[in-house]
Amino acid sequence: MKKMLLVDGNSMLFRAFYATFMRPMSTSTGIPTNAIYGFAMMINKAVQIIQPDAMLVAFDKGKHTFRHELFAEYKGGRKETPEALVEQFPIAREYLEAAGIKQFEMTDIEADDIIGSMIKKYPDWDINVLSSDRDMLQLIDDTTSVWLMKKGISDIEEMTVASLKEKMGITPDQIRDLKGLMGDASDNIPGIPKVGEKTALKLLEQFGTVENLIANTDQLKGKLKENVEAFQAQALLSKKLATIKTDVEIPFETEEFAFHITPEPLRQFYVRYEMNSLANKLDSEIQQQAETNTPDIPALTITEVQRCPQTLMQDNAVLVLDQDQPSVYFADVHGLALAYAGQGVYMTIENVRQDENLLDYLAGEKTKIVYDVKACLHLADRAGLTLNGMRIDSMIAAFLCDSTLTSDQKIREKFGFNERVTMDEVYGKPGKMKLPEPQLHQQLCAQKIQLIDKLWKDSEPKLNEMEMRALFYEVEMPLASVLYKMEKEGIRIDGQTLDDIARQTQARLDELTDAIYAAAGETFNINSPKQLGEVLFDKLGLPTSGKKRSTSADVLEKLLGIHPIIADLLEFRKYQKLYSTYAEGLKKYIHPDGRIHTIYNQCATQTGRLSSTEPNLQNISVRDEQSREVRKAFLPSEGNVLVASDYSQIELRMLAHMADEQGLLEAFRHAVDIHTKTASDVFQIPLDQVDAQHRRQAKAVNFGIVYGISDFGLSQQLDISRAQAKEFIERYLQSYPNISKYMDQVIEFCQEHGYTATMLGRRREVPEIHDKNYMTREFGKRAAMNAPIQGSAADLIKLAMIRIDKALAEKGLKSKMILQVHDELIFDALPTELDALCAVIQEGMEHAMELKVPLVAETKVGKTWYEAK
DNA sequence: GAGCTCACG
DNA sequence: ACGTACGTGAGCTCC
């Protein structure tokens, strides 16, 4: 359905004027512009949310015969329009003219009547009315919603039949009755004296309409009865006056108000009236638009051939595999495309297998340029092809140059790359596959080639300029191959153990459900935070902490002693998670080989860490004793053992090194427990007198430092006052002055350059640091403090992984590295190789970088992941 | 599809 | 006056 945006011009201008009243704005020549500014902000917001196909702004015209002014005696109540606003009316017209937005007025007709009639005229449109006048709510129906201004100048709220019912308990029709009873001072509608909104709503709930109320005044009593009876005629007339007309002849058609913003005249308007922030915002929108609308590179045509021409088998040719569904573990490869210097071919997989020269080229050392090398390797494996020379992954390159490019979607957006053909169109959706349309899969490949080409042309020079060549060629690309091997190897899973956990967990959940229903006195969906909130805070009357009706574990924990339902809820939550995410959830991912093959995403995080999906094996329970049992389902291959090795305090070591903080460096060199050391320094007590409580608090401070400290965050974490948290932080920064200096330096650098960098030169963009909003800016600072620490630790373990992979190959060990969990590596190990393997791991992890602190990796061995932790 | 909640480092 | 600890992914509810 097409969307129409109808704006009540007068009401919005009034609202804009008063909303910006405290912040007077004017041009250097003294023309007031605050209302225009607010008006433009509101319209921008509405356009952005609604994205209308057609738009019209209606204004009132004709001063003396508005229907509400038939009540001459109330006319005095109508306030004079302030002069500063009057001046801005013509400017608002100018603004709309410049923006290319249609405006309309009719002699002696009010804006709301125009809007009402528009709705009647276009029943097939999805109509959105923007107003600050609640009168308009009477226009709501199945295809019409009214967007009301909330507080501020760009906060709007959609009102529909349902939300009106929910908020006020009435139908759109009853808005007129409401006004009839309570009146509307701003519109000179008197209503019934002493009847305000509350009384009016109550009366409507009981009687439905003004007419019905008047017919049943015998059910009322006291003053209210007197007033209703005395002013019944006035109530009826008021209702009539509050009724918006829908029968005004609209003398134009939709083509005339189709919505196309005209950016250039609008920009000139903003400049003329010195509204710089709006001008800048528009500029960036225009630029963004230009980027997304960049005409696609002329379609590359690739021809299908039976044998690949030798001219294409070059260094730096672009290679695309034609897969029929997104999952690299289940997709079939139907063919491949190869392109070089503007020439491209497509070959079916059968023809590829016949072409000895091509097979040699694919398995050879000439460099290929691809998108998502890990996926290519999996696909090639499934197709029985050997690939080598996979040295350039354009996705990774683009991501290194711009850390915000964490999805295919974002890459395509940035590079203005609109898909002409999608995988779904060619092959159908997984589970509902179809035979590929002839020709279409060639287009699909051609399109991928063009994207790859564009990405690499853009990224290659940037990698040089940004000094990330080594990070790309020597870390990320080799790592991709290592990750591919880990994914392919996977980890063996004992489905029986998962079944057992599921069964036991289910039984406990049933018991807890009964107990919770009993305590609540009703059945409800415990998994619904909304319903749970109603039970806890409304029905049981438990106190809410702060303003929010949050039901999260930390809030519930504070209520533990107050009501027995809380303990059951916390336990329910725990087992619900264990059941659905881990026991049942993981089972879905066991492949026919009895193993789980996660996928590591190398381009998912802002800091340079990996992420793990389908399933996420980086968040398997460990902290809770019962939930930790899932780890018993993670097994080594038959006859093997699992080896897990994790870095000790890696982020704090990295921080001590980067900040060159002697106090911390010394502690690490002497293997002093770092949280105890911090407690001793912060609380100024000797090392041997630090108790568990001090250590716990110091540990939280250390975490805080790594996360980009804030007194609020720390106070929240430790459940102490903000003042006290602040004191802890100050003491910490005094004790470790170089940490303080380092943090300042990182923030300063980020403010100047807009990004931070890790030990290996990996960048994180932090645009928030320049945001005008205080909160956002503070977030930018914390992110800037954290990114080099978290990111450098990620750099370190990546180096370790590459080193270990290489050493395993060189030493001819058959044990495999299979998982990475940020500061931990897990191996599927032959018992006979244990000593050699542990030596390789220790050397690889502890000497991946040489820092001012020793790096320590602790290794454990077990028959399951549970035992090896 | 967004928001809440919770699992991990 | 504002309302926050950093980085992820998945399952659930509800619009």
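Quick note on labels: first sequence line is chain A, next is B, and so on, each numbered from 1. Just so you know, these numbers come straight off a predicted model, no measurement behind them.
Put simply, CZ on Phe703(A) is 9 Å from P on dG9(B), counting in whole angstrom units. When rounded to the nearest whole Å, the span between CD of Glu584(A) and P of dA10(C) equals 17 Å. Summarising the geometry, the separation between CD on Glu557(A) and C1' on dC6(B) is reported as 12 Å, rounded to the nearest angstrom. One atom, NZ of Lys530(A), and another, P of dT13(C), lie 14 Å apart when rounded to the nearest Å. In this structure, Ile826(A) places its CD1 atom 12 Å from C1' of dC8(B), rounding to the nearest Å. The CG-P distance, from Leu532(A) to dT5(B), rounds to 9 Å in whole Å. Rounded to whole angstrom, the span from the OH atom of Tyr774(A) across to the C1' atom of dA1(C) amounts to 11 Å.
Side-chain N/O atoms of Gln618(A) and base N/O atoms of dC8(B) include no donor-acceptor pair closer than 3.5 Å. Residue-to-nucleotide contacts include no donor-acceptor pair under 3.5 Å from the side chain of Arg782(A) to the base of dG7(C).
For the C1' atoms, the distance linking dA7(B) with dG3(C) amounts to 26 Å, nearest Å. Using P as the reference atom, dC6(B) and dC2(C) are 27 Å apart when rounded to the nearest Å.
Distances shown here put a side-chain N or O of Ser550(A) below 4.0 Å from the OP1 or OP2 atom of dT5(B). Taking side-chain N and O atoms only, Arg623(A) has a distance below 4.0 Å to OP1 or OP2 of dC8(B). Here Gln531(A) reaches the OP1 or OP2 of dC14(C): one of its side-chain N or O atoms lies under 4.0 Å away. The side chain of Thr551(A) contributes an N or O atom lying less than 4.0 Å from OP1 or OP2 of dT5(B). In terms of phosphate contacts, Lys869(A) brings no side-chain nitrogen or oxygen within less than 4.0 Å of OP1 or OP2 of dC8(B). Phosphate contact (OP1/OP2 of dG9(C), side-chain N/O of Ser611(A), threshold under 4.0 Å): present. Contact between the side-chain N/O atoms of Thr607(A) and the OP1/OP2 oxygens of dC6(C) is not found at any separation under 4.0 Å.
Pairing for dG9(B) goes to dC6(C), judged as Watson-Crick or G-U wobble with the two contacts each under 3.5 Å.
Looking at the side chain of Lys588(A), the nearest of the listed nucleotides dG3(C), dG11(C), dC6(C) is dG11(C). Closest approach to the Ala700(A) side chain among dC12(C), dA5(C), dG3(C) is made by dA5(C) (side chain taken as heavy atoms from C-beta onward). Nearest to the side-chain atoms of Ser710(A) among the listed nucleotides dT8(C), dT4(C), dG11(C) stands dT4(C). In this structure, the nucleotide among dT4(C), dG9(C), dG7(C) sitting nearest to the side chain of Asn616(A) is dG9(C). Ranking dC4(B), dG11(C), dG3(C) by closeness to the Thr581(A) side chain, first place goes to dG11(C). Closest contact between the side chain of Gln576(A) and the listed nucleotides dC12(C), dT4(C), dG9(B) involves dC12(C). For Phe712(A), whose side chain is taken as the heavy atoms from C-beta onward, the closest listed nucleotide among dT4(C), dG11(C), dT8(C) is dT4(C). Considering only the side chain of Lys577(A), dA10(C) comes nearest among dA10(C), dG3(C), dT8(C). Picking from dG9(B), dC12(C), dT13(C) the nucleotide with the shortest atom distance to the side chain of Asn525(A) gives dT13(C). For Arg764(A), counting side-chain heavy atoms from C-beta on, the closest listed nucleotide (dT13(C), dC15(C), dC6(C)) is dC6(C).
Proximity of the aromatic rings of Tyr742(A) and His657(A) is defined here by a centroid distance below 6.0 angstrom, and this criterion is not met. Taking the six-membered ring wherever Trp is involved, the centroid distance between the rings of Phe749(A) and Tyr755(A) falls below 6.0 Å. Phe728(A) and Tyr732(A) have their aromatic ring centers separated by at least 6.0 angstrom.
Checked by atom type and distance alone, the side chain of Arg631(A) never pairs as donor or acceptor with a backbone atom of Trp865(A) at under 3.5 Å.
Backbone-only engagement by Ser612(A) is indicated by non-hydrogen atom pairs under 4.0 Å involving sugar-phosphate atoms exclusively. Across all strands shown, Ile789(A) has no heavy atoms under 4.0 Å from either base or sugar-phosphate atoms.
A donor-acceptor pair shorter than 3.5 Å cannot be found between the side chains of Gln606(A) and Glu765(A).
Residue-environment remark: NZ (Lys587(A)) exceeds the threshold of 12 foreign heavy atoms within 6.0 Å.
The cationic group of Arg549(A) does not satisfy the cation-pi geometry with Phe537(A), failing either the under 6.0 Å distance to the six-membered ring centre or the 45° limit from the ring axis.
Between Glu778(A) and Ala783(A), the one whose closest nucleotide on DNA chain C sits nearer the 5' end is Glu778(A).
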